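Input: a single structure, listed below in structure tokens.
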Amino acid sequence: MQLAQLLKRNQPPLLGLDISSTAVKLLELSRNGSRYRVESYAVEPLPPNSVVEKSVTDAEAVGEAIRRAVKRAGTRSKLAAVAVAGSSVITKVIPMPASLSESEMEAQIELEADQYIPYPLEEVNLDFEVIGSSEKTPDSVDVLLAASRSENVDMRVAAVESGGLMAKVVDVEAYALENAFALFADQMPDQGIDRTIAVVDVGATMTTLSVLHDFKIIYTRDQAFGGKQLTEEIMRRYGLSYEEAGMAKRQGGLPDNYVPEVLEPFKEAMAQQVSRSLQFFFSSSQYNTIDQIILAGGSASIPGTGELIEQTLGIETVIANPFGDMSLASRVKPQPLSNDAPALMIACGLALRSFD
């Protein structure tokens, strides 16, 4: 065995850690050749209001949930990759002379960054990546500049550390999604090449539409709609607490009128949200068709949702499962993972950072 392979193999894996508004989702992957394996995973609910609109407001409460997730997953890894919400990140593509070394480029970007970022530079975390030769300017490269207010990053890092882990990578949710998206190539028309695919992530409080063309995100938009609305309607209709309603939603046992009077109207509202989001996309871009919808997020697991959206919009709709071609470690149970798969897209994209 070559030394490089030996060293690479011994690198500890990064845990993909997605901190959403209602749960912490943890995922650990390994790779053998070109095949990935799910080593461990856990989904741990968060106390209400510990994350508000994708911002961590109570790092200790989130840290406790992370600690429970690590224990439940049974992982020994201590390094994590987390992500900040796209809405809290400013990105700009800027041209730079191709002749600059990385350190010269870094110095140049720090000098010029205040032109692109509307906050004092001491209050932001900055990163950049060269994405290729510039089409507009010869002898230049296009550089993607990403910046987030330090408090967004610091609160996530504090929560991870409070949970006994170390944040090795802080990514952006949209890029983590793009990373996981590559796993779907075989399930797409023409393997996704030159195709326009919409990923609709219906979370607890927020629905995020991300449109990818040729595997790159070209549009993203958040709308305030999510599974919490269904939970609240169950609470109101059947006189349950929020926790009881959440359990009943997942495990069943509600009265017979639940499906026709509560669940079906929610599914129809979800289809309307997807339709509205796509209309916004079409009206603000040169695209007027979508080749496929991939439905992600917790609400994607509601039976019949994909079919309803496909019928309503006339666009092929599949439920996200990034683990379709992966093997599973013996401690990972296939059925719970399959149920949680649509909600684990971002965690999966983050866990894939182990193999960069």
Side-chain angles (χ1 to χ4, degrees), residues 11-32 35-46 50-51 62-83 156 159-160 162-171 173 175-184 187 199 201-204 227 246-247 250-251 294-302 319-356:
Q11 280 185 339
L14 283 178
L15 299 171
L17 194 61
D18 175 18
I19 301 169
S20 72
S21 53
T22 54
V24 165
K25 298 153 201 164
L26 179 150
L27 177 70
E28 179 184 3
L29 299 177
S30 63
R31 184 170 68 178
N32 190 353
R35 189 118 194 260
Y36 295 105
R37 182 164 104 142
V38 180
E39 293 294 341
S40 65
Y41 98 100
V43 177
E44 196 60 45
L46 281 168
S50 47
V51 176
V62 176
E64 276 302 307
I66 291 171
R67 211 174 275 280
R68 289 195 302 275
V70 167
K71 191 173 175 189
R72 178 177 298 204
T75 177
R76 288 202 178 88
S77 186
K78 291 289 179 213
L79 304 178
V82 292
R156 268 178 161 61
V160 171
S162 168
L165 301 175
M166 180 183 148
K168 192 93 170 51
V169 170
V170 180
D171 205 339
E173 284 181 3
Y175 300 144
L177 183 75
E178 200 177 271
N179 225 1
F181 182 75
L183 299 169
F184 289 88
Q187 302 166 33
V199 180
D201 188 325
V202 186
M247 289 291 278
R250 283 191 294 277
Q251 296 174 0
I294 294 175
L295 197 58
S299 297
S301 302
I302 297 170
I319 305 300
N321 179 8
F323 311 115
D325 293 330
M326 294 190 193
S327 58
L328 309 183
S330 55
R331 66 178 162 197
V332 177
K333 303 289 174 278
Q335 194 53 54
L337 179 68
S338 168
N339 294 345
D340 287 326
L344 291 168
M345 283 280 284
I346 287 170
C348 183
L350 292 169
L352 288 168
R353 292 294 302 261
S354 284
F355 314 106
D356 285 358

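Values reported hereafter were calculated over all heavy atoms of this structure, with side chains retained and with hydrogens, waters and symmetry mates removed. Just so you know, residue 1 is the first one in the sequence shown, and it goes up from there. For clarity, every value in this text was computed on a predicted model and none was experimentally measured.
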Smallest separation among heavy atoms of Leu165 and Ala80, with atom names: CD1-CB, 4.3 Å
Euclidean distance, Asn321 CG relative to Leu344 CG, rounded to 0.5 Å: 9.5 Å
Residues in side chain to side chain donor-acceptor pair (under 3.5 Å) contact with Asn339, at least two apart in sequence or another chain: Gln335
Inter-residue atom distance Ser40.OG - Leu15.CG, 0.5 Å rounding: 6.5 Å
Pair Glu28-Ser77, side-chain donor/acceptor within less than 3.5 Å: no
Min side-chain heavy-atom separation Arg67-Val70 under 4.5 Å: no
Heavy-atom check, side chain of Lys25 versus side chain of Asp340, under 4.5 Å: no
Closest approach of Ala204 to Ser21 (non-hydrogen atoms, all atoms of both residues): CB-OG, 4.0 Å
Gap between atom NZ of Lys168 and atom CG of Leu14 - 0.5 Å precision: 7.0 Å
Heavy-atom side-chain contact between Pro334 and Leu328 under 4.5 Å: yes
Note, Val24 side chain near Leu17 side chain (heavy atom, < 4.5 Å): yes
Side-chain donor/acceptor of Arg331 to backbone N/O of Gly74, under 3.5 Å: yes
Pairwise side-chain contact, Asp201 with Glu173, heavy-atom cut-off 4.5 Å (strictly under): no
Residues, nucleotides or ligands: over 12 heavy atoms within 6.0 Å of Met326 CE: yes
For the student: nearest non-hydrogen atoms of Ala73 and Leu26, plus distance: CB-CD2, 3.7 Å
Whether Arg156 side chain and Ala167 backbone form a donor-acceptor pair below 3.5 Å: no
Tyr41 versus Leu27, closest heavy-atom pair with distance: CB-CD1, 3.7 Å
Nearest non-hydrogen partners of Arg35 and Asp325, listed with the distance: NE-O, 2.9 Å
Rounded distance [0.5 Å steps], CE in Met345 versus CG in Leu295: 10.5 Å
For Glu44, side chain to side chain donor-acceptor pair (under 3.5 Å) partners two or more places apart: Arg68, Arg72
Spacing of Glu39 atom CD and Ser330 atom OG [to the nearest 0.5 Å]: 9.0 Å
Closest heavy-atom pair and its distance - Ala65, Pro45: CB-O, 4.1 Å
Interatomic distance, Tyr36 atom OH to Leu352 atom CG [nearest 0.5 angstrom]: 5.0 Å
Passing candidate, side chain to side chain contact (heavy atoms under 4.5 Å, CB included) with Tyr175, options Asp171, Leu177, Asn179: Asp171
